Amino acid sequence: MKLKYKLIAVFGGIVLVPTVLFSICLITILNLKNNAGVLDALTEEPDLKDLSIKMACIIIVILVLTGIALVSFIYKEIAVPVHQLSEGTRNIAEGNLEFEIEVPSSDDHMAELCRSFEYMRKKLKETTERNIENENENRLLISNITHDLKTPVTSIKGYAEGLLDGVADTPEKQQKYLRTIYNKANDMDRLINELTFYAGIDTNRVPYNFTRINISGYFDDCVDELGMDMESHGIELVYMNYLDRETMIIADPEQLKRVVNNIIGNSVKYMNKDKGVISIRLKDGDDTILVEIEDNGRGIDGKDLPYIFDRFYRTDRSRNSSKGGSGIGLSIVKKIVEDHGGRVWAQSHPETGTTIFLEFRKYRE
Ligand SMILES: Nc1ncnc2c1ncn2[C@@H]1O[C@H](COP(=O)(O)OP(=O)(O)O)[C@@H](O)[C@H]1O
Ligand SMILES: [Mg+2]
């Protein structure tokens with residue numbers, strides 16, 4: 001039976017049962033004409049008889065009104081929210097989360113139930129939206145990876161064929177072909193590393209090995225290593241260290257190397273000048289050290305600058321260029337720097353160059 005009918009039955013019960021009982025009593029009394037005392041007075045006195053009928057009518061009217069008030073109150077407090085909730089459940093079952101449950105203003109169980117339902121709907125909506133976003137990002141990532149892996153594989157195949165077919169017929173040419181194959185394989189290796197690492201940070205599984213490191217010594221070695229690589233790209237590397245030689249920070253050397261490599265990798269990739277220059281400067285803040293990595297490459301538009309540390313973000317120009325990339329390099333940088341308790345930000349002028357700033361807290365005894 002629907003709640004509405006049950007309520008009508010309750011209404012009937014509230015109003016009819018007392019009315020019927022009262023009427024029976026009244027009729028019985030009126031019929032007992034031969035009774036003495038009060039009953040004689042009641043039946044023989046017309047005024048009293050009228051009065052009792054009037055009173056009976058008034059009581060019936062009051063009962064009916066109270067019944068209506070009670071039943072409509074219960075109907076409004078229970079049936080309306082229950083109806084809303086069942087509609088809501090049906091909507092959710094059909095995958096529609098774009099509705100809202102009206103939470104009663106009262107402070108009872110029904111209001112509590114509606115509030116919980118609304119909370120559940122909002123949470124479900126958020127999760128669904130996040131899943132869709134993740135799915136889109138993953139799709140984008142897969143298409144980027146496919147593109148980025150395909151480009152070097154195609155070159156490697158081409159140059160290897162050149163060697164096999166004897167197109168590279170002089171030792172110089174063979175050297176050049178082999179070097180290109182080596183560089184392309186390196187590009188792939190870097191990309192695969194980036195992706196493996198990314199899968200790790202996405203699920204918070206980066207194994208950090210924090211130790212105390214002497215930042216000057218660390219960057220001296222870093223620059224030595226980078227120097228040769230930069231030479232092969234025809235880029236000048238400038239290194240300026242304004243730090244006290246004893247300055248220490250707490251960091252994971254391997255992950256810090258990843259940070260520097262990702263930033264320098266971008267500077268090399270987006271270099272568009274014949275005379276490329278990359279400068280690394282170490283500066284002293286009071287409690288912090290600042291690492292500035294500046295290039296004179298093609299720079300980043302102001303509209304893109306706030307987003308370059310977002311995962312998968314690549315400027316339109318990068319996406320439309322032949323330069324591969326997954327748009328996760330700088331998001332990895334940000335993640336690692338923040339896990340070190342540091343900060344990272346960028347400044348850039350289109351066509352002039354880009355500077356990436358890294359700030360770390362100094363280690364104090
Ligand atoms: N040094 C730079 N010079 C010019 N553009 C840069 C530089 N570093 C980053 N960018 C821009 O920021 C975007 C995001 O960088 P990143 O996260 O490393 O992704 P990816 O290099 O895979 O495209 C790049 O696509 C590029 O447009
Ligand atoms: Mg990059």
Side-chain angles (χ1 to χ4, degrees), residues 136-152 183-184 186-202 206 222 226 229-230 233-239 255-281 291-339 343-358:
N136 288 341
E137 283 181 349
N138 285 340
R139 219 171 285 146
L140 189 70
L141 180 64
I142 289 172
S143 91
N144 283 344
I145 296 168
T146 320
H147 172 261
D148 295 353
L149 287 177
K150 202 149 177 57
T151 319
N183 285 340
K184 296 290 167 188
N186 254 346
D187 284 352
M188 284 174 67
D189 192 38
R190 212 177 355 252
L191 179 68
I192 290 166
N193 271 339
E194 214 168 72
L195 289 168
T196 316
F197 183 81
Y198 174 75
I201 56 167
D202 210 30
V206 191
C222 218
L226 284 167
D229 204 21
M230 293 303 111
H233 285 104
I235 292 174
E236 185 190 347
L237 186 65
V238 181
Y239 175 48
Q255 304 305 351
L256 199 56
K257 182 74 57 68
R258 199 186 288 279
V259 166
V260 175
N261 283 346
N262 281 3
I263 296 172
I264 302 268
N266 281 342
S267 294
V268 173
K269 184 154 82 173
Y270 302 115
M271 179 56 70
N272 64 349
K273 307 290 185 314
D274 289 337
K275 228 186 125 8
V277 182
I278 296 176
S279 314
I280 300 180
R281 291 184 290 270
V291 181
E292 297 178 3
I293 303 178
E294 181 179 9
D295 64 53
N296 63 342
R298 73 178 196 202
I300 303 164
D301 277 349
K303 72 171 175 43
D304 294 311
L305 202 57
Y307 307 109
I308 58 168
F309 293 99
D310 292 355
R311 58 182 188 169
F312 303 124
Y313 191 84
R314 306 194 71 208
T315 62
D316 289 339
R317 207 171 148 192
S318 300
R319 234 174 293 118
N320 298 333
S321 72
S322 61
K323 306 222 188 299
S326 47
I328 54 180
L330 288 182
S331 70
I332 290 175
V333 165
K334 186 172 152 91
K335 169 80 179 157
I336 296 176
V337 172
E338 287 178 354
D339 285 348
R343 285 197 307 141
V344 58
W345 67 98
Q347 265 176 16
S348 189
H349 300 284
E351 292 318 316
T352 310
T354 304
T355 310
I356 305 282
F357 298 86
L358 306 169

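From a predicted model like this one, the values you see are computed outputs, not experimental measurements. First listed ligand is number 1; within each ligand, the first listed atom is number 1.
- When heavy-atom distances to ligand 1 are checked against a 4.0 Å cut-off, Ile356 has no atom that comes that close, whether in backbone or side chain.
- Counting heavy atoms closer than 4.0 Å to ligand 1, residue Tyr313 contributes backbone atoms (N, CA, C, O) but none from C-beta onward.
- The closest side-chain heavy-atom distance from Leu195 to Ile328 is below 4.5 Å.
- Among Lys269, Arg314, Glu294, the residue whose heavy atom lies closest to atom 23 (O) of ligand 1 is Arg314.
- For atom 11 (C) of ligand 1, the nearest non-hydrogen atom from the set Ile300, Leu191, Ile278 comes from Ile300.
- Across all non-hydrogen atoms, the minimal contact from Ser331 to Asp310 is CB-C, 4.0 Å.
- If you number the atoms of ligand 1 from 1 as listed, the ones under 4.0 Å from a heavy atom of Asp295 come out as 1 (N), 2 (C).
- Between Trp345 and Val337 the shortest side-chain heavy-atom distance does not fall below 4.5 Å.
- Atom numbering of ligand 1 starts at 1 in the shown order; those under 4.0 Å from a heavy atom of Thr315 are 25 (O), 27 (O).
- A side-chain N or O of Glu351 and one of Asn272 form a donor-acceptor pair less than 3.5 Å apart.
- Only the side chain of Thr354 comes within 4.0 Å of ligand 1, judged by heavy-atom distances.
- For Gln347, the side-chain hydrogen bond (donor to acceptor under 3.5 Å, both in side chains) test picks out no residue, with sequence neighbours left out.
- Considering only heavy atoms from C-beta on, Asp295 stays 4.5 Å or farther from Ile264 through its side chain.
- Every residue meeting the salt bridge (charged side-chain N to carboxylate O under 4.0 Å, His left out) condition with Lys275, not counting sequence neighbours, appears here in chain and number order: Glu236.
- Shown are the protein N/O/S atoms under 2.8 Å from the Mg ion (ligand 2), given by residue and atom: Asn266 OD1.
- Side-chain contact of Thr315 with Asp304: a donor-acceptor pair under 3.5 Å is absent, judged by distance alone.
- Listed by chain and number, the residues in a ring pair (Phe, Tyr, Trp, His ring centres under 6.0 Å) with Tyr239 amount to none (sequence neighbours excluded).
- In this structure, Gly327 has a heavy atom closer than 4.0 Å to ligand 1.
- Scanning all heavy atoms of the two residues, the minimum distance from Leu237 to Leu226 falls at CD2-CB, 3.9 Å.
- Between Glu294 atom CD and Thr352 atom OG1 the span is 10.0 Å, to the nearest 0.5 Å.
- Of all atoms in ligand 1, numbered sequentially from 1 with element shown, those under 4.0 Å from a heavy atom of Gly329 are 16 (P), 17 (O), 18 (O).
- Taking each of Ile293, Asp304, Leu330, Ile332 in turn, the one with a heavy atom nearest to atom 17 (O) of ligand 1 proves to be Leu330.
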